[in-house]
Q: 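Questions regarding the structure given below will be posed in turn.
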2 protein chains.
Amino acid sequence: MGRTVPKASRKPRADALRNRERLLDAAKRVFAGGASDASLDAVAREAGVGIATLYRHFPTREALYEAVYRREVDELVALADGLAGVPDSVAGLRRWLRAMIDLVATKKGMVAALAISVDAKSAVSARMSKRLAGALGALLDRAIAEKRIRRDVSGEEMLLALVGMCILRDQPDWREGAVKMADVLVDGMMVKK
Amino acid sequence: MGRTVPKASRKPRADALRNRERLLDAAKRVFAGGASDASLDAVAREAGVGIATLYRHFPTREALYEAVYRREVDELVALADGLAGVPDSVAGLRRWLRAMIDLVATKKGMVAALAISVDAKSAVSARMSKRLAGALGALLDRAIAEKRIRRDVSGEEMLLALVGMCILRDQPDWREGAVKMADVLVDGMMVKK
DNA sequence: AAATATACGGAGGAATCCTCCGTTTCACAA
DNA sequence: TTGTGAAACGGAGGATTCCTCCGTATATTT
């Protein structure tokens, strides 16, 4: 019996925090161009840190992705919150989709991360897409409540379609096409009147 | 100057043909469940053939994909030809999209193959998506000519969107969602009247 | 300063990719 | 048939990446 709580856990070590930051910076740098399939060894090397240290901080590739892109996901979620107050719900929806595409356009690595997060066995960063789907779902729900769009498309479905549309393509004209298709998607969801 | 054609090229060797077949069969079997990232060593092993033989017949992973899925692509192209004669052009379009999704639903490995074919540096099986985009483009063009859908979406763009929407997802309800989104896409493309 | 919990680095086994090269087999002609 | 050279074969092995194990080093606490 006695203390099932082992210890009053001490303060985290300074070198651990420092290395975590270094790894995140290195990962951002390495994933920047969309090379999200870069070797983790390379990331560790770039960070000037042993490979074991990387794995200790981020047990899986997805965990690293999640940490790297958490901030951007946060931003998108916040944006959705902000857009909830906009008068025109459909316009808000369109704006959010555009923001999502924009972000993806700059952080191409994130798309792959998202894809992996959805693509099977990744319970870890599935949370990332869950949150995005939730944010998008809220926007959809509002437009649905106003009877402006059909009600049988979930945030998750829409997000998958959007991400899917972005995931391919390396060409420069990439963004425009994605925006266009996103708009088409919204057009298709609007109830005819 | 006689024969610029070097030789009256002899008949291909029997063992070469046999091994090619074996490799294709093995690949079909191995890729069946969508495990299109299976190791090529495994495919060679399954075929009971040396790894070098695999690489000799299919220099790249994409070349193997293309060979495996050529038949299905042929079918879709043929279907598009057939649907060109259907009275309702938009209905034909919808039917083709559905067929594409159906095929993908059974041969999940093909999606990954397609994705890879689009995803950068794969000149080899880019042909596969080119042909599909062409087939789809023809259907679109017809509907455009009849002024039934907007004219600024290309076959390639639409295919990318569709494939993207399919590429994620492992859940059983997968197909229905994809069909729904494809319909939404078409709805969004129809000119309002 | 000593104790100890915590973190570090890198060696190294396993898997995969792909090439090189010596050996074997087949198609064709004599 | 049999000989011969072109064509195909197999698998060893170097390179890369993944991930774990474990001995060493260091920060925090007493």
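We use all heavy atoms of the structure for the numbers below, so side chains are in, but hydrogens, waters and symmetry mates are not. Residue numbers start from 1 in every chain, and the chains themselves are labelled A, B, ... in the order their sequence lines are given, proteins ahead of strands.
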Q: Run the side chain to side chain contact (heavy atoms under 4.5 Å, CB included) test against B/V49 and tell me which residues pass, sequence neighbours left out.
A: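 In terms of side chain to side chain contact (heavy atoms under 4.5 Å, CB included), with neighbours along the sequence ignored, B/V49 is linked to B/N19, B/L23, B/A47, B/T53.
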Q: Please list every donor-acceptor pair under 3.5 Å in which a side-chain atom of residues 75-90 of chain A meets a protein atom from a residue at least two apart or in another chain.
A:
{"from": "A/D88", "atom 1": "OD1", "to": "A/V90", "atom 2": "N", "distance (Å)": "3.0"}
{"from": "A/D88", "atom 1": "OD1", "to": "A/A91", "atom 2": "N", "distance (Å)": "3.1"}
{"from": "A/D88", "atom 1": "OD1", "to": "A/R148", "atom 2": "NH1", "distance (Å)": "2.6"}
{"from": "A/S89", "atom 1": "OG", "to": "A/E146", "atom 2": "OE1", "distance (Å)": "2.8"}

Q: Would you say C/dG9 has OP1 or OP2 under 4.0 Å from some side-chain N or O of A/T53?
A: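 A/T53 to C/dG9 OP1/OP2: side-chain N or O found under 4.0 Å.
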Q: B/K28: which residues meet the salt bridge (Lys or Arg N to Asp or Glu O under 4.0 Å) condition with it, sequence neighbours left out?
A: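 So B/K28 forms no salt bridge (Lys or Arg N to Asp or Glu O under 4.0 Å) with any residue.
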Q: Checking B/R13 now: which residues fulfil side chain to side chain contact (heavy atoms under 4.5 Å, CB included) with it, not counting sequence neighbours?
A: B/D15, B/A16
Q: Can you name the residues that form a side chain to side chain contact (heavy atoms under 4.5 Å, CB included) with B/D187, not counting sequence neighbours?
A: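 In terms of side chain to side chain contact (heavy atoms under 4.5 Å, CB included), with neighbours along the sequence ignored, B/D187 is linked to A/R150, B/R94.
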Q: If a protein heavy atom is under 4.0 Å from the base, mark B; if only from the sugar-phosphate, S; if neither, -; do that for nucleotides 17-30 of chain D going 5' to 3'.
A: SBBBB----BBBS-
Q: Is it true that B/F58 and B/Y65 have ring centroids separated by less than 6.0 Å?
A: no
Q: Would you say B/H57 places a side-chain N or O within less than 4.0 Å of OP1 or OP2 belonging to D/dC9?
A: yes
Q: Taking only residues two or more places apart in sequence, or in another chain, which ones meet B/R18 in a salt bridge (Lys or Arg N to Asp or Glu O under 4.0 Å)?
A: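 Listed in chain order: nothing, the list is empty.
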Q: Going by number, which of residues 19-30 of chain B have a non-hydrogen atom under 4.0 Å from DNA chain C?
A: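 Residues of residues 19-30 of chain B under 4.0 Å from DNA chain C: none.
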Q: According to side chain to side chain donor-acceptor pair (under 3.5 Å), who are the partners of B/E21, at least two apart in sequence or on a separate chain?
A: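 In terms of side chain to side chain donor-acceptor pair (under 3.5 Å), with neighbours along the sequence ignored, B/E21 is linked to no residue.
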